[in-house]
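Within every chain, numbering begins at 1; the chains are lettered A, B, ... in the order of the sequence lines, protein sequences first and strands thereafter.
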Amino acid sequence: MTEQENEYDVFAIQDRWLPVWDELKPFNSGVEGDPRPKKYVLDMFPYPSGDLHMGHAEAYALGDVISRYWVLRGYNVMHPIGWDSFGLPAENAAIKRGLDPRGWTYDNIAQQRSSMRRYACSFDWDRVLVTSDQIYYRWNQWLFLEFYKRGLAYRKNSAVNWCPSCQTVLANEQVVQGLCERCDSVATKKTLTQWYFKVTEYADRLLDDLDTLEGNWPSKVLSMQRNWIGRSYGAEVTFDIEGRNEPVTVFTTRPDTLFGATFMVVAADSDLAAELASGSTPDVRMQFQDYLDKVKQSNDIERLATDREKTGVFLGRYAINPVNGEKLPIWASDYVLADYGTGAIMAVPAHDLRDGEFAKAFDLPLRVVVDNEDDIAGDGPHINSGPLDGLYKKDAIAKVIELLEASGKAKATKNFRLRDWLISRQRYWGTPIPIIHCDACGEVPVPADSLPVALPSAEGLDLKPKGTSPLGGATDWVNVSCPNCGAAAKRDTDTMDTFVDSSWYFLRFLSPNSETEAFPVQAAKDWAPVDQYVGGVTHAILHLLYARFFTKVLHDIGLVDFDEPFTRLLNQGMVLMNGSAMSKSRGNIVALSEQLDEHGVDAVRITMAFAGPPEDDIDWADVSPSGSAKFLARAWRTANDVTSEAGVDFATGNKELRKATHTFLRDFGPLIESFKFNVGVAKLMELVNALRKAIDGEAGPLDPAVREAAEVVARGVSLFAPYTAEDMWNKLGHPAGVALAVLPEADETLLVESTTIAVVQVNGKLRDKFEVSVEITKEDLIAKALASEVVSRAIGDGEIVQQIASAPKFVNFVVK
RNA sequence: GCCCCUUUAGCCCAAUGGCAGAGGCAGACGACUUAAAAUCGUCACAGUGUGGGUUCGAGUCCCACAAGGGGCACCA
């Protein structure tokens, strides 16, 4: 043996095994007749924004722990990867450099792919998809048309969120605190005709089915989704309007306070407000127009400030309160939202904080109808409310609905915060919407056999954001004949939100290259849903909600037999540096490639797993990749020290070490399965320490138990540090493929203890401990405890009023 | 304003209601070495954010407060 072979050289090891694995393909999940049970482990696919960074390194290290674990447990694990490659960054980079977004995108994909290979991700490289490939996005179009057929994709004209910098519309979910989530510009409103997916039709199911994920998804994500969908129960109440044929319906969660309504407010930017104003005096019309102009100038940032003063304008019109016929003045204000409920509310200033502020600002009357001085919005006996007097909230709500239901003036209903999903984007780098607009036939779906509608080349197109889709400039592409009547017609020039791409990609991995179907229905039955999904919490609302929606639609269409896409979810935390997220402006970016060059792939990977619970953030300044490298070297040396032959019978090995090995085998699985990777690594370290001691001590390197422990260590290490593990496996005389070396079960007979340490407390304080047989009876244990000198001293003159014992571990005397 | 999470040694983190310490980092000491590095070994360090409560017994369960982090927010 040369000196070289006795030294742990992580870089040599990397170079050695990578090509071997390329041949071996240990993670190929598509082998016909593979007898292993199936498991689907999925990491959220990356956006190809450049090379992999520390965040990717964490995500894929942790996803790999899970995926590799199930392989070691004897499962056929499908662990695919792809790229979410449509989207604005590619387009913006293309504009900046005057290039086609394709070049930038596919160069980055190649870069990331090569980095993933070096990082030893356990992906099935025969299942790869790229959403900007025609072979992928044509099925986006196909799905869009399936949705369209069922009325789940539709076009409407309404006020939408608009990013003036990206020059495109934004989904509700993409506006964060009034800012565009991508570029942080202040979002504005614009009235446009746009395509929507009818998510609201699934609102109840999207909310209720979260219960089935309880315990398997982080509770934080569940509550964020519940919050976002925001169902509230209440009633729609209809008010007649003086001088108007049509009544106005409002939504309220407190119909019981109807007797306290003293005015009505409609959203200033609603059609209703404009119409009511136009039917009023010229004076009012002018005041309203002034107000509306002001409202439109203000952005969501100002709007969202809760301490903002209430503003509004009286419309000179009156509504009739259905419970008592009272005339209620109608005001327009921006504190009522046009797109929630009906865009109009009944104002109960005595029992709603916002209505109260408005009433105060404009000196409008207040009427108390619930007797509760402590909490104006709280419950209490109703007063000044005719037939509701004396009732509490719950009964009063039921009663008032019952009273008004007969005349059709009220009905129990519910409302959602969730809005339909706006999917049109006025940008180039996305899936073209497969619709043709014909003057005679209207919207005509592109026939399925004419798909895909290929994205035209960017050459000659002006990609700069200008408020309409750059595709409009592709004249040859836009102008087509109507599939229906043959007349001259035009393609829809918008592209789809890229969240459409990621809403079903987990199914596409089943047949990523199929030309004939989006995904094979039978394979979906076999593999899906995803057993374990791994990704960042940043997608807690958007992506997960949309994917859940898609799954439910596909279920209803009959293409899948499940209606939740991701059975278990793990959200890993972020990698920080010195307490904050890495960013150029902070200048605290840690380059992954430098870490890999300095410490090696394995050390970085195991550091990610060992840093703490996976859902916690990792501050790179707090962890020690060089410490990890030290551990790996220490583990590696144990394998190098083993002198027994492979295949030796372990039974005769050192008992103490065998016990340590099998204790590890017992504990390791449950730890990994409950995502306690850091503890799992700690257990490995423990076993390595025991192994080291055995090699250097009585047992010696030839002891079969030493080999047994080293082989278990190699397999355990393979979850975190695949290169080191493979090399250990090789040193131990096995052919390449430690990743497939199924973990043995713990031998329980080795774990049986004959004695244990019993502890004795007096009044809950530890006083003594001694070794006892595990079979000691409660009585004997107490007797033994009482015989202890330390214990009797602690009891002293006191009287034992109670003795609690749990044989063989524990006794407590309560002494007075 | 509403909801959620976190708080254990200098640091990162463990601990089915039952001995506060599994593991690591940083540190001290020793062995090996001419010396150093590497390696191997030994050791010290907190009573669990604060105040109450439940319990024979609380880091763990309950209540209040504080600090830090996150989500939602004029949603009727």
Side-chain angles (χ1 to χ4, degrees), chain A residues 7-8 176-177 218-228 230-232 234-235 237 250-255 257 265 267 303-308 310 333-337 339-348 351-355 357-358 377 415-419 537 540-541 573 579 606-607 610-613 615-619 621-628 630-631 633-634 637 667 671 676 678-689 692-693 695-696 757-769 800-806 809-815:
Chain A
E7 249 170 57
Y8 175 72
V176 180
Q177 307 278 302
S219 50
K220 183 179 166 187
V221 174
L222 293 176
S223 86
M224 281 166 77
Q225 293 233 345
R226 289 192 179 106
N227 220 328
W228 187 262
R231 179 168 59 198
S232 54
V237 182
V250 306
F251 173 74
T252 174
T253 53
R254 295 295 303 273
T257 61
V265 188
R303 239 189 107 99
L304 289 173
T306 37
D307 51 354
R308 184 166 174 247
K310 293 279 182 291
S333 173
D334 65 353
Y335 85 91
V336 172
L337 308 176
D339 58 350
Y340 182 77
T342 62
I345 62 155
M346 64 177 216
V348 184
H351 301 292
D352 181 282
L353 214 58
R354 297 148 305 177
D355 296 348
E357 286 167 8
F358 191 84
N415 235 304
F416 295 92
R417 221 190 66 96
L418 182 73
R419 311 291 150 84
V537 73
I541 298 176
I606 200 167
T607 299
F610 186 54
E615 56 275 9
D616 288 3
D617 290 343
I618 297 171
D619 193 329
D622 287 340
V623 297
S624 169
S626 58
S628 300
K630 228 163 82 180
F631 162 69
R634 188 171 155 87
R637 274 192 303 271
D667 295 342
L671 287 170
K676 294 181 173 181
N678 54 331
V679 187
V681 173
K683 296 287 177 203
L684 261 176
M685 290 172 168
E686 232 176 308
L687 182 55
V688 168
N689 289 345
R692 179 79 261 156
K693 205 175 224 171
I695 292 171
D696 295 342
I757 303 293
V759 303
V760 185
Q761 297 176 351
V762 176
N763 285 337
K765 283 202 185 75
L766 176 72
R767 292 301 179 183
D768 198 9
K769 45 182 154 180
I800 298 176
V801 292
Q802 200 180 352
Q803 42 197 9
I804 299 112
S806 165
K809 286 269 186 196
F810 161 85
V811 188
N812 184 19
F813 297 110
V814 185
V815 175

Atom-to-atom span, [atom1] of [X] to [atom2] of [N] - whole angstrom:
{"X": "A:Asp619", "N": "B:rC25", "atom1": "CG", "atom2": "C1'", "value": "13 Å"}
{"X": "A:Asp616", "N": "B:rG69", "atom1": "CG", "atom2": "P", "value": "15 Å"}
{"X": "A:Lys809", "N": "B:rG17", "atom1": "NZ", "atom2": "C1'", "value": "16 Å"}
{"X": "A:Phe416", "N": "B:rA76", "atom1": "CZ", "atom2": "C1'", "value": "16 Å"}

Looking at [options], which one has an atom nearest to any side-chain atom of [X]?
{"X": "A:Ile345", "options": "B:rG24, B:rC12, B:rA76", "result": "B:rA76"}
{"X": "A:Met685", "options": "B:rC40, B:rA14, B:rG23", "result": "B:rG23"}
{"X": "A:Asn812", "options": "B:rA73, B:rG57, B:rA76", "result": "B:rG57"}
{"X": "A:Leu766", "options": "B:rC19, B:rU39, B:rC72", "result": "B:rC19"}
{"X": "A:Asp622", "options": "B:rA76, B:rC74, B:rC11", "result": "B:rC11"}
{"X": "A:Ile804", "options": "B:rU39, B:rG18, B:rU42", "result": "B:rG18"}
{"X": "A:Val759", "options": "B:rA73, B:rC19, B:rC40", "result": "B:rC19"}
{"X": "A:Val814", "options": "B:rC56, B:rA73, B:rC74", "result": "B:rC56"}
{"X": "A:Val679", "options": "B:rC13, B:rA22, B:rA26", "result": "B:rA22"}
{"X": "A:Asn678", "options": "B:rC12, B:rC19, B:rC13", "result": "B:rC13"}

Would you indicate, yes or no, if [N] has its OP1 or OP2 atom less than 4.0 angstrom from a side-chain nitrogen or oxygen of [X]?
{"X": "A:Tyr340", "N": "B:rA76", "answer": "yes"}
{"X": "A:Lys220", "N": "B:rG69", "answer": "no"}
{"X": "A:Ser333", "N": "B:rC74", "answer": "no"}
{"X": "A:Arg226", "N": "B:rG71", "answer": "no"}
{"X": "A:Arg692", "N": "B:rG41", "answer": "no"}

Which part of the nucleic acid, if any, lies within contact of [X], taking any heavy atom under 4.0 Å across all strands shown: a base, the sugar-phosphate backbone alone, or nothing?
{"X": "A:Phe358", "answer": "nothing"}
{"X": "A:Lys676", "answer": "sugar-phosphate"}
{"X": "A:Asn689", "answer": "sugar-phosphate"}
{"X": "A:Ser806", "answer": "nothing"}
{"X": "A:Ser624", "answer": "sugar-phosphate"}

Test for a donor-acceptor pair under 3.5 Å between the base of B:rC72 and the side chain of A:Asn227, counting only N and O atoms.
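Result: no qualifying N/O pair found.
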Under 3.5 Å, is there any donor-acceptor pair linking the side chain of A:Gln761 to the base of B:rG57?
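Looking at the base of B:rG57, it does not pair with any donor or acceptor on the side chain of A:Gln761 (distance under 3.5 Å).
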Heavy-atom closest contact ([X] atom, [Y] atom, distance):
{"X": "A:Ser232", "Y": "A:Phe251", "value": "O-CZ, 3.6 Å"}
{"X": "A:Ser333", "Y": "A:Val265", "value": "CB-CG1, 3.6 Å"}
{"X": "A:Val814", "Y": "A:Ile804", "value": "CG2-CD1, 3.9 Å"}

I want to confirm an ordering. Mapping A:Asp617 and A:Arg634 to their closest nucleotides on RNA chain B, which one lands closer to the 5' end?
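Per heavy-atom nearest nucleotide, the more 5' residue is A:Asp617.
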Please compare A:Gly627 and A:Asn763 by the position of their nearest nucleotide in RNA chain B and report the one closer to 5'.
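Checking each residue's closest nucleotide, the 5'-ward one belongs to A:Gly627.
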Please name the nucleotide paired to [N] by Watson-Crick or G-U wobble geometry with both distances under 3.5 Å, or report none.
{"N": "B:rA64", "value": "B:rU50"}
{"N": "B:rA31", "value": "B:rU39"}
{"N": "B:rC2", "value": "B:rG71"}
{"N": "B:rU16", "value": "none"}

Taking the chi torsion of B:rG47, is it syn (within 90° of 0) or anti (everything else)?
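The base of B:rG47 is oriented syn (glycosidic angle within 90° of 0).
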Within 45° cone and under 6.0 Å: A:Lys310 NZ/CZ vs A:Tyr335 ring
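Relative to the ring axis of A:Tyr335, which defines the angle, A:Lys310 lies inside both limits.
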